[in-house]
Protein chains: 2
Amino acid sequence: MKVTDDSSPLCPVARALTCVGDSWTLLILRDAMQGARRFDEFQRGLGIASSMLTRRLERMVSNELLEKRCYQRHPPRHEYHLTAKGHDLAPVILTLYRWGEQHLPIEASGFQLVDRRTLDPVEPILYDRCHDRPLSPGDVCLAPGPDANPAVHARVERMRNALGRGDFPDSQPAAARADCRAAMAASDSINE
Amino acid sequence: MKVTDDSSPLCPVARALTCVGDSWTLLILRDAMQGARRFDEFQRGLGIASSMLTRRLERMVSNELLEKRCYQRHPPRHEYHLTAKGHDLAPVILTLYRWGEQHLPIEASGFQLVDRRTLDPVEPILYDRCHDRPLSPGDVCLAPGPDANPAVHARVERMRNALGRGDFPDSQPAAARADCRAAMAASDSINE
DNA sequence: TCGGTCACTTTCATTATGGAAGCGACTCTA
DNA sequence: TAGAGTCGCTTCCATAATGAAAGTGACCGA
């Protein structure tokens with residue numbers, strides 16, 4: 001991947017994706033969050049080629065998502081432990097989990113997300129820490145920061161226009177959204 | 001990518017990554033959420049090769065993240081609009097945004113996330129809709145669902161053991177975590 | 001009529017990936 | 001104590017994915 005747009009280095013999403021922008025990295029993180037530590041644990045849990053696993057673990061160590069800890073000398077052997085930086089990707093994994101569950105359903109239910117202590121089901125959604133209330137993605141917009149360049153301003157303006165036009169499913173009151181969905185469902189069935 | 005572990009088809013994260021497990025797809029979604037619709041808008045915003053963009057847009061349409069809408073016949077031209085399924089990936093993008101901001105900081109500040117109406121800054125964190133309270137990833141654990149196979153049980157057990165050992169940064173008592181959050185908030189304001 | 005734009009497609013060199021085999025230092029079993 | 005097995009890799013190679021560049025056909029505006 002080679003992004004060239006002027007706003008890219010300023011965009012936290014683009015920066016994040018240089019670190020975690022491939023499936024293997026995220027699946028390795030998932031397994032690490034589930035307690036995997038050693039080379040063969042990752043290999044078995046993923047069905048990944050060993051050469052690929054070596055490359056990914058090296059990159060993740062150099063990106064400080066994992067740290068090597070020696071557990072044996074002669075020959076030197078290491079475990080790969082999550083760093084705080086790696087661990088902080090848990091919200092990304094959890095939101096992916098929820099999206100996969102909602103939008104790529106299967107017959108069988110193999111896993112459940114639960115509270116660690118009570119074992120009650122949990123359902124992660126977004127919350128705004130600044131205002132102490134649940135956060136609907138449609139309420140979020142971009143604003144230019146102090147160091148914005150023209151490419152940033154163009155992005156921000158385009159997003160404002162799109163939100164202003166009501167382009168997105170939930171940039172509307174909940175009732176209107178339900179109506180819209182019903183209408184779409186109706187027109188879908190007509191088109192078929 | 002070719003995952004072969006028995007628990008993979010049952011894991012919503014693995015399923016999600018078959019759809020959105022590459023950087024281009026997520027960056028295209030980012031731009032779509034910022035109002036991009038047409039081929040050249042995506043191309044300029046990403047600096048992506050046109051052949052790659054064609055392939056990615058096709059795949060995203062077939063995965064129902066985007067839908068084609070004809071805006072001109074002769075020659076037929078289409079806009080790519082987010083579907084509800086695509087739009088629901090906004091929480092993934094937003095959590096990535098926050099992680100990039102926190103862990104891959106740069107000198108300059110090009111963008112800010114703000115409330116669409118008030119323009120107040122917002123800060124997305126996770127929240128548990130089932131219990132109506134903020135959710136620390138360390139409180140979440142996996143449980144086997146009704147259709148769990150041995151691979152699923154092995155994963156769940158490994159995760160329980162890891163949490164029991166206190167392997168992870170925030171698998172600590174809630175009081176310690178609250179202190180930690182307060183300390184983080186304090187150091188944030190000092191750093192500015 | 002001429003250049004420019006838009007939305008692609010095609011071609012081709014470069015790079016990434018997956019599969020398989022090998023290796024060195026153990027450990028476990030007979 | 002010989003032999004087999006395990007662990008954590010590395011190396012090699014065929015195949016697949018990607019990026020750069022050039023080409024295309026229908027429009028549009030001067």
Side-chain angles (χ1 to χ4, degrees), chain A residues 1-6 8 14 17-29 31-32 35-63 66-82 154 158, chain B residues 1-6 8 14 17-28 31-32 35-63 66-81 154 158:
Chain A
M1 210 214 15
K2 223 185 54 174
V3 184
T4 58
D5 182 67
D6 287 342
S8 263
L17 288 173
T18 61
C19 244
V20 296
D22 78 291
S23 299
W24 286 131
T25 300
L26 288 164
L27 287 172
I28 290 168
L29 282 168
D31 279 19
R37 295 284 170 265
R38 298 194 179 178
F39 195 91
D40 76 317
E41 280 186 287
F42 289 111
Q43 202 177 2
R44 272 199 300 274
L46 296 171
I48 187 178
S50 58
S51 50
M52 182 84 285
L53 182 56
T54 303
R55 287 191 286 259
R56 279 292 172 274
L57 289 174
E58 285 309 310
R59 216 183 65 177
M60 291 171 76
V61 168
S62 76
N63 285 337
L66 299 174
E67 64 174 14
K68 269 180 165 176
R69 289 196 202 158
C70 185
Y71 68 91
Q72 175 193 295
R73 298 169 189 287
H74 311 300
R77 294 295 179 230
H78 302 89
E79 289 182 331
Y80 298 87
H81 285 248
L82 278 174
R158 188 179 59 193
Chain B
M1 211 213 13
K2 222 185 54 173
V3 184
T4 59
D5 182 68
D6 288 342
S8 262
L17 288 173
T18 61
C19 243
V20 295
D22 78 293
S23 299
W24 286 132
T25 301
L26 288 164
L27 288 171
I28 289 168
D31 279 18
R37 295 283 170 264
R38 297 195 179 179
F39 195 92
D40 76 318
E41 282 185 286
F42 290 111
Q43 202 177 1
R44 272 198 300 274
L46 297 171
I48 187 178
S50 59
S51 50
M52 182 84 286
L53 182 56
T54 302
R55 286 191 286 258
R56 279 292 172 274
L57 289 175
E58 284 311 307
R59 216 184 62 178
M60 290 171 75
V61 169
S62 76
N63 284 336
L66 299 176
E67 62 174 16
K68 269 179 163 178
R69 289 196 202 159
C70 185
Y71 68 91
Q72 174 193 295
R73 299 169 189 285
H74 310 301
R77 295 294 180 229
H78 303 87
E79 291 182 329
Y80 297 88
H81 286 247
R158 188 178 60 191

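Chain letters run A, B, ... following the sequence lines, proteins first, then strands; residues in each count from 1.
Residues B:A32 and B:L66 approach most closely at CB-CD2, 4.4 Å, considering heavy atoms. Closest of all the heavy-atom pairs between A:T25 and A:C19 is CG2-O, 3.8 Å.
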Walk along nucleotides 10-21 of chain C from 5' to 3' and tag each nucleotide B, S or - by protein heavy-atom contact under 4.0 Å, base first, then sugar-phosphate. B------BBB-B

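The phosphate of D:dG8 (OP1 or OP2) has no side-chain N or O of A:Y80 nearer than 4.0 angstrom.
When side chains are defined from C-beta on, B:H81 does not count as touching B:K68, because their heavy atoms never get closer than 4.5 Å.
To the nearest angstrom, C1' of D:dG8 lies 13 Å from CZ of A:F42. Going from atom CZ of B:R77 over to atom P of C:dA7 covers 7 Å, rounded to whole Å. Between the CD atom of B:E41 and the P atom of C:dC6 there is a distance of 10 Å, rounded to whole Å. Remark: P of D:dT10 and NE2 of A:H78 are 11 Å apart, rounded to the nearest angstrom. In this structure, CG of B:D40 is placed 10 Å from P of C:dC8, rounded to the nearest angstrom. The separation between B:Q43 atom CD and C:dT5 atom C1' is 12 Å, rounded to whole Å. Rounded to an integer number of Å, the gap from B:L53 CG to C:dC8 P is 9 Å. Straight-line distance from the CZ atom of B:F39 to the C1' atom of D:dG25: 15 Å, rounded to whole Å.
Of the inter-residue distances, the one linking B:Q43 atom CD with B:D31 atom CG reads 12.0 Å to the nearest 0.5 angstrom.
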Expected list for residues 46-58 of chain B: side-chain donor-acceptor pairs under 3.5 angstrom, two or more places apart:
| from | atom 1 | to | atom 2 | distance (Å) |
| --- | --- | --- | --- | --- |
| B:T54 | OG1 | B:S50 | O | 3.0 |
| B:R56 | NE | B:D22 | OD2 | 2.8 |
| B:R56 | NH2 | B:D22 | OD2 | 3.3 |

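Looking at B:R38 and B:E79, a side-chain N of the basic residue comes within less than 4.0 Å of a carboxylate O on the acidic one, giving a salt bridge.
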